[in-house]
Each structure stands twice: as structure tokens, then as C-alpha cells.
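As C-alpha cells, the structure follows; a few thoughts come after it.
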Protein chains: 2
Amino acid sequence: MLIQHPSLRLPITAADRVLLEIQRAIVAGEITAGSKISEPELAKQFDLSRAPLREALARLERCHLIERIPNAGARVVKLSTKGLLSLYQLRETLEGLACRLAAEHMADSEIAELRQLLDQHLSTQRVREGESYYQEAGDLDFHYRVILGSKNDYLINILCDELYYLVRMYRVQLGMNGPRVSRAFDEHKAILNAIANRDGELADLLMRRHIAASRRNIEKQLEQTGS
Amino acid sequence: MLIQHPSLRLPITAADRVLLEIQRAIVAGEITAGSKISEPELAKQFDLSRAPLREALARLERCHLIERIPNAGARVVKLSTKGLLSLYQLRETLEGLACRLAAEHMADSEIAELRQLLDQHLSTQRVREGESYYQEAGDLDFHYRVILGSKNDYLINILCDELYYLVRMYRVQLGMNGPRVSRAFDEHKAILNAIANRDGELADLLMRRHIAASRRNIEKQLEQTGS
DNA sequence: ACTGTCAACATTGTCGACAATTAGACTAAA
DNA sequence: TTTAGTCTAATTGTCGACAATGTTGACAGT
């Protein structure tokens, strides 16, 4: 029951396919962070010409997964504490806004569906206690729906298309599967209640706290890891 | 004394040149809003092949000036009240955040330069009373510096690269040269003082108000014009 | 008159090759 | 040994042509 990604363009072209594949590989860390991207090599690897590949690279740059320098090539971004902090600063503000707008604009039916989703998460969570499933899919799915509920196209685009994959990259590569799962669930529930009560201000505040808590959790993980 | 645009990549390629040209033409309204973009036609017009042109189109899509549908072509975005509202909702939040961060991170020397810039604006404004110069260049230059002062790369990228041209497009095509100039100047001054006092919270608030006022001003203009 | 089908056209997506630029190795001089 | 310069090789930027897809108009059937 995955929600439709807004940027999924219906006529799927070769560039789209290779984009999704590379995106996944970078997020998963299969293409090492900081490593150079060779256009001819990737083209051969995916068995297509450089034209659609360059189209894909342009979109990878758009979601901050690679950095390109004219005439010098592209490199996979390197994760850093500074980058993580900047990213989460933005998310706190933007998803807070999304929450406030969602409280204003979400239809009652959408709110009901969101509640249903949370119930579903609860049961799944009980079954797979301690696994990273919730963080990987469930959490992001909840955030997704709230963002879409804001009904602000620019906001949706920035959060779901441009920052989303980077957030996932930090989570995946830092191994986010800690004990924050159950607490995060409670926070989601509180946010949903605020939205359902049409209390945009509270929803904003709770979402900011939720993301700040998530950030601190990752920072702790980062300290332990070293880098 | 224009400030360096962060996205100005040093080795300027053909794609860069045509991008800047089309960008300008769309913002200025020379390419009508809502009109279709023909790749072969534009390629002939700028006397280059379609490869760099498509690169330029990809970046135009990135800053929301055009919308592309696979296998069906690109269209210049249409301005709308809903879009304007969404855009300014975002700006209020994002530039507010930028202000708060700027109050924390700007060096004293940068603040001094910003004050100098405002003094310069004052004299220019007195000379060209009522003209749109201030709104066109000065105001944006002030906002630019504050955004850069936030030192948050993602935030800078979103505001300066992705939303900036769209904001200009609304301003230019709605003929923003009203009597808000002098009031805007005072607001800038108050924002700068808050930043200089390292009062991030106040700077945030003042910037939000400043942009909200600007939005109401444009909305009024939009009602008069009709659609 | 209206609708559905089909064919010709135009436009976009993709390809392989060439030109322009850069990175890296190697040489030579301080 | 270090450093500056040069040259080669590899990579990126650009080009023109072909394939795939979408659009437009005419035409036939209802």
C-alpha cells in the first residue's frame, strides 16, 4: 500500500529507469559516497547511450545525490555532520509548515486513511519488534502523506523530490534501526491528532520536535560510528 | 556591485548561455506564459544543437519556469493566484529561517557590508524616487545576502536557484513598482538591526512580516489587473 | 452532425561520433 | 628533492541522424 510518488511520470523512458537504479544504488551505498561517476562506464554498465544517462545525472544532481563540475565530471556526495545538520534544519522548518498546512487542507477522508495507516503500522511493528522496517518505510510513508496533505506543490516538490532521497541516504548508511521506533510511533499519533483537530500550530510544533528528536538520534549514531 | 550567484559555474558552456537567455526571456514575459516550447525551433533560434538545449530545459524545469511531460514537450508555467500563494507561503517560512540562521552565522564584516549596501540603496532610492529599480535589484540583493548569510547550502540552493526566478517572474509580469518601496526599505533596516543584535527570533519574525506584506501588495495588484 | 479510426506529420527520446577541455604522468630545470 | 611545464590520454560537451512516441487532420460509419 505504498503511496504514489508525485514525481513518477507516467511514460517511463530509459532515462527514468536508469535514474531509479542509480538512485537506489547511491542511497544503499553500493556506489561509494565521494566516488567519481564515469559516464562511459555507467553507460556501458546499463547498456544505453550517454544521452539518457546524462538526463539521469541531471536529476540526480537535482536531488543532491551527486555534484557536477563542468568539464570535470560528477561525484557522489559525501555525507558529513554539517550536511546532516543543514538538512535537518530545513526539514524541521519545512515539514512543520507542511503539517500546519495539512491541518488546514487535508480532507476528512484523507485524515481517516492516515489514521488507518498508523493502525496498520502498529500491528506490523508489534510483529517485527526491533527491526528497521518501520523506520525504512512506515515513517517515511507517514511523512509523505502529511506533506502531500499540505497541498502546496512547491513544498511537496522540495520535500518529496529533492530532499527525500538524501534523508534516506543518511538513514540507510548510518544504519538507523535503533530503539526510537516505538517513540516515533507515539509522536506520529500525536501529530495526527493535532491535524485531525485542525490545530495547525500544534501540529507544526509536534512535527518540529519529532524531526529534532530524529536528528539527535542520528547524531548520536554518528558519534558512535566515528566520522 | 551585484553579488555572486552561487549557481554560477565557472567554465561557462553553451548550455549555460542559452539557459540564461531563455530564463531572462521567460521572466521578462517575452516567451508568453503557458506557451509551448519547441526544441527544434529554439535550437535553430540560438544556433546550437538540441543536446545543450535539453540540458538548459532540464534546469529550467528545476527552477519551475517550465513544465515537461515525457514525449509531449515543455510548456512555460502559467502564473496563478494559487501558485503565488504557495510560493510566498514557502518564502515566508524559508527566508524566516534564513534570517534566524544569518543572525547566528553572519560574520561581523558581512553585517557591516550589508549595512553599507542599505545606505547605498537609500541614496539610490532618493535619486530615482518611484521607479522600480529598488524592487528589481536592490530588494533581491538584500534578500540574497541574508540567504547566503544563513550558511545552509540546501537552503541557499532552494531559495537562490529554484524559487528566485519564479519570484522575479511574478514581480515583473505583475508590474511591481508600487509605493511599497520606502516601507520595504525601513523593514530591511529593522531586519538588519535584528541580525546585528544577533536576535535570530526577531529577525525571523520581521522577515516573515516583510514577505507577508510583499505578498499582500502583489495580491492587491493581481486583483486590480483581473486574473 | 457527431464520433471513432486511421494515416501522415511533427516532436521528443536515443544513439554513435567528433570537438573541446581537463586530469595525470612524465620530463626537465632550480 | 621539489616544482614548473608539457604532453598524452581520458572525459565531458556538442553535434547530426535515426527510432519511438504523440498530435492533427481527413474520412468513414452511425
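Not measured: the values here are computed from a predicted model. First the proteins, then the strands, lettered A, B, ... as listed; each starts at 1.
The stretch residues 59-91 of chain A participates, sequence neighbours left out, in these ring pair (Phe, Tyr, Trp, His ring centres under 6.0 Å) pairs: A:H64-B:Y154. Applying the ring pair (Phe, Tyr, Trp, His ring centres under 6.0 Å) test to every pair with at least one member in residues 26-47 of chain B, sequence neighbours left out, gives no pairs at all. The list of ring pair (Phe, Tyr, Trp, His ring centres under 6.0 Å) pairs with a residue in residues 89-113 of chain A, not counting sequence neighbours, is empty.
Applying a 4.0 Å cut-off to non-hydrogen atoms, none of the residues of residues 33-47 of chain A approaches DNA chain C.
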Under 3.5 Å, sequence neighbours excluded: what are the donor-acceptor pairs made by side chains of residues 31-39 of chain A?
unit_1 : atom_1 : unit_2 : atom_2 : d
A:S35  : OG     : A:T32  : O      : 2.7
A:S38  : OG     : A:E41  : N      : 3.3
A:E39  : OE1    : A:R50  : NE     : 3.1
A:E39  : OE1    : A:R50  : NH2    : 3.1
A:E39  : OE1    : A:R54  : NH1    : 3.4
A:E39  : OE2    : A:R54  : NH1    : 3.1

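In this structure, the side chain to side chain donor-acceptor pair (under 3.5 Å) partners of A:E162, at least two apart in sequence or on a different chain, are A:N157. For A:E21, the side chain to side chain donor-acceptor pair (under 3.5 Å) partners two or more places apart in sequence, or in a different chain, are A:R24. When the salt bridge (charged side-chain N to carboxylate O under 4.0 Å, His left out) test is applied to A:D108, the partners found at least two apart in sequence or on another chain are A:R198.
Distances shorter than 4.0 Å separate some side-chain N or O of B:S49 from OP1 or OP2 on D:dC15. Considering only side-chain N and O atoms, A:T13 lies nowhere under 4.0 angstrom from the phosphate OP1 or OP2 of C:dT12.
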Check the interface with nucleotides 18-23 of chain D: list each N/O to N/O pair with the protein under 3.5 Å, or write none.
unit_1 : atom_1 : unit_2 : atom_2 : d
D:dG22 : O4'    : B:N71  : O      : 3.4

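In this structure, B:E55 atom CD and D:dG13 atom C1' are separated by 9 Å, rounded to whole Å.
Formation of a donor-acceptor pair under 3.5 Å by the B:D47 side chain with backbone atoms of B:K44 is not found in this model.
Contacts of A:A14 with the nucleic acid, taken as non-hydrogen atoms under 4.0 Å apart, involve only primed sugar atoms and P, OP1 or OP2.
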